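What follows is a short report on a single structure.
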Amino acid sequence: MSSLDDNKRLFFDMQEHPENYSDDQLETMMDELDQVPDVDAAWQRLEVKDERIEKRTSFNLQLRKIAAAFIGTIIVSAIAIAAIHLWNPVSDSNPKGENPIPTSPRGEDTYYPKEKKQDVLQADTLIFDNVPLDTMLREMADYYHVSVEFKREKARQLRFHFIWKHSESLDRVVERLNNFEAVNIVREPEKLIVR
Amino acid sequence: MEKDEIQRLFMQHYAKMYRVARTMLYDEQESEDVVSDIFESLLRGQTVLMPGTEECYLLTSVRNQCFKRLRHVSTPIEGSGFVEPIDDSDADDERLIDIDEFVACHLSEQEQRIFRLRFSEGCSYEEIAAAEGISRVAVWKHLSHIITEIKKQFNPKSL
C-alpha cells in the first residue's frame, strides 16, 4: 500500500470519525489541505498540456485527411479496374455479364465469334471458354484457310479454355493446343488432323 | 472566450477550485487534474461562460467532477463513502442535484452556510472559522457531520 493511499485513508477516516483524532492532528490535516498552490506553475503545466493536445489533434486531423485521400484513391482505382473488367472481355472473370457475347450456333458455353471480335476484343484476341475443340478448330481453320479432320470423333467434344491471338502463327497455335494432354493435332500444309 | 480571459479566470479562481478538489479527493495530482480539465474545456471552446457566472460555474464544476471521480474510482478507498459501482452520467447529474436539495432541506442553517462556504465558494478552514466565529476544528467537525449525513442519505452501504 503506497503512502498516498495511506494518507487518503487517513483523510477519509478523519472526515468520518473526527472524534478519534486530536485537535492537533485535525489542524495538521487542514493546514495540508489549505496549502496555497503555485498558480503560475499550474498555468504553465496547463499550457504545455493544451499545446500537446492541440498538436495531437492537428496530427490526427492530418492523418485522417491522408487516410481519406488514400481510401479515395483506392476506391477510384477499384472502380476503374472494375469498369475495365466489365467492358474488356479479355478478362475471363465475367464473360456472361451485362453485355453478353453471342454464343456460337451450337450453343457452347462461351464463344466469341470472329465477326464480333472488333467490337469486343482487344488486340485481335478471342477467348474460348469451355468451348468444344470442334468449334475452336473450325473457327481457327477458317481464319488460317486450312481444313480440319477429326480421326477420333470423341475429340470433337473435348472442351477447353483457350485464348487465341490472331497474330499468332498457325504453328504456334497448334503447338499451344498440343500442350493439352488430351489433344494431339498434326499440322499439314492445308489441313489440321486431330488424332 | 479569449485565452487571456481564460488565464485571468485561472489566476483568480485556481486556488479556491484546487482547495475544493483537495477537500474532496485529497490527492494533489488528481485535484490539479480536475481543475485543469475544466480550463482545458474552456481553452478548446467547448464551454461558454455567461458573464457574471464564472466563479459559480467553475466551483460547481469542480465539486461535480470530484463527486463523479469518487463514485467512479476503480480502486475503492475504504471509508471514502462515495465509492459505488459505476452507473451512467445522467444518474450522476441527478444525484448531484439531489445532494444540493438534501443539504438545503435537512441540514441546519449553520451547516448549510459551512457547506456552501467550503464547497461552493472554496473558502479555507480559516476563513470559514472567522466567518462563523468558531474554531477551525469546529469547522472540520461540522463538515464531517455534513458529509456523514450525505453519505447516510445517498450511500448508506458505505457506513
Side-chain angles (χ1 to χ4, degrees), chain A residues 1-69 71, chain B residues 3 6-7 10-15 17-33 35-40 42-44 70 73 75 77-83 118 123-129 135-148 151 158-159:
Chain A
M1 183 67 69
S2 71
S3 168
L4 177 62
D5 283 345
D6 286 342
N7 290 344
K8 258 189 177 178
R9 199 179 295 274
L10 178 67
F11 163 75
F12 286 119
D13 195 55
M14 277 184 165
Q15 267 193 343
E16 280 192 18
H17 305 289
E19 68 278 7
N20 294 339
Y21 297 88
S22 68
D23 287 359
D24 284 345
Q25 285 175 305
L26 296 178
E27 292 276 5
T28 304
M29 179 57 79
M30 283 187 278
D31 286 341
E32 189 189 338
L33 294 174
D34 276 353
Q35 274 177 356
V36 179
D38 185 342
V39 182
D40 289 328
W43 173 254
Q44 282 172 8
R45 284 193 293 274
L46 175 64
E47 276 190 313
V48 169
K49 191 177 170 188
D50 188 54
E51 277 172 20
R52 219 166 33 223
I53 290 170
E54 205 166 296
K55 276 182 191 167
R56 201 164 53 220
T57 308
S58 168
F59 179 69
N60 286 343
L61 200 63
Q62 279 189 331
L63 272 185
R64 282 182 196 172
K65 281 182 184 174
I66 291 168
I71 291 167
Chain B
K3 189 173 179 179
I6 294 170
Q7 186 175 5
F10 188 93
M11 295 299 168
Q12 188 178 345
H13 299 294
Y14 181 85
M17 294 168 74
Y18 179 77
R19 191 180 292 148
V20 171
R22 285 221 64 192
T23 305
M24 299 176 72
L25 304 172
Y26 179 77
D27 188 306
E28 289 174 88
Q29 187 57 56
E30 212 179 344
S31 301
E32 181 171 326
D33 288 346
V35 180
S36 295
D37 287 349
I38 293 165
F39 281 100
E40 264 178 45
L42 291 175
L43 283 169
R44 276 184 252 127
L70 285 167
V73 68
T75 309
I77 301 296
E78 189 182 320
S80 68
F82 293 102
V83 180
R118 187 65 188 181
C123 293
S124 67
Y125 292 103
E126 188 71 48
E127 288 168 331
I128 299 170
S135 69
R136 289 209 313 165
V137 171
V139 171
W140 179 277
K141 288 179 177 173
H142 276 298
L143 281 168
S144 168
H145 178 248
I146 292 165
I147 290 166
T148 304
K151 283 191 294 189
S158 70
L159 291 175

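Treat the numbers as computed from the prediction; the structure is a model and nothing was measured. Letters A, B, ... are given to chains in the order of the sequence lines, protein chains preceding strands, and every chain is numbered from 1.
- In terms of heavy atoms, Phe11(A) sits closest to Arg22(B) at CZ-O, 3.9 Å.
- For a residue to count as touching a neighbouring chain, one of its non-hydrogen atoms must lie under 4.5 Å from one of that chain's; by this rule Leu143(B) does not touch chain A.
- In this structure, the portions of Gln7(B) lying under 4.5 Å from any heavy atom of chain A include both its backbone and its side chain.
- At distances below 3.5 Å, not a single donor-acceptor pair connects side-chain atoms of Arg118(B) with backbone N or O atoms of Ile128(B).
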Go through it in stages, so that I can follow the logic: the residues are Asp40(A) and Gln44(A), the test is side-chain hydrogen bond (donor to acceptor under 3.5 Å, both in side chains), and I'd like the CA-CA distance, side-chain angles, deciding distance and then a yes or no. CA-CA 6 Å; Asp40(A) 289 328; Gln44(A) 282 172 8; over 6 Å; no
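- Ring geometry, Trp140(B) versus Tyr125(B): the interplanar angle falls from 30° to 60°, so the pair is classed tilted.
- Residue contact with chain B, scored on non-hydrogen atoms closer than 4.5 Å, involves the backbone and the side chain of Glu32(A) alike.
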Walk me through whether Arg45(A) and Ser36(B) qualify under side-chain hydrogen bond (donor to acceptor under 3.5 Å, both in side chains). CA-CA 9 Å; Arg45(A) 284 193 293 274; Ser36(B) 295; over 6 Å; no
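- Residue with the most contacts toward chain A among Lys3(B), Glu126(B), His145(B): Lys3(B) (heavy-atom pairs, distance under 4.5 Å).
- Proximity to chain A involves both the backbone and the side chain of Phe10(B), based on heavy atoms less than 4.5 angstrom apart.
- The candidate from Arg136(B), Glu40(B), Lys141(B), Glu28(B) with the greatest count of non-hydrogen atom pairs under 4.5 Å with chain A is Arg136(B).
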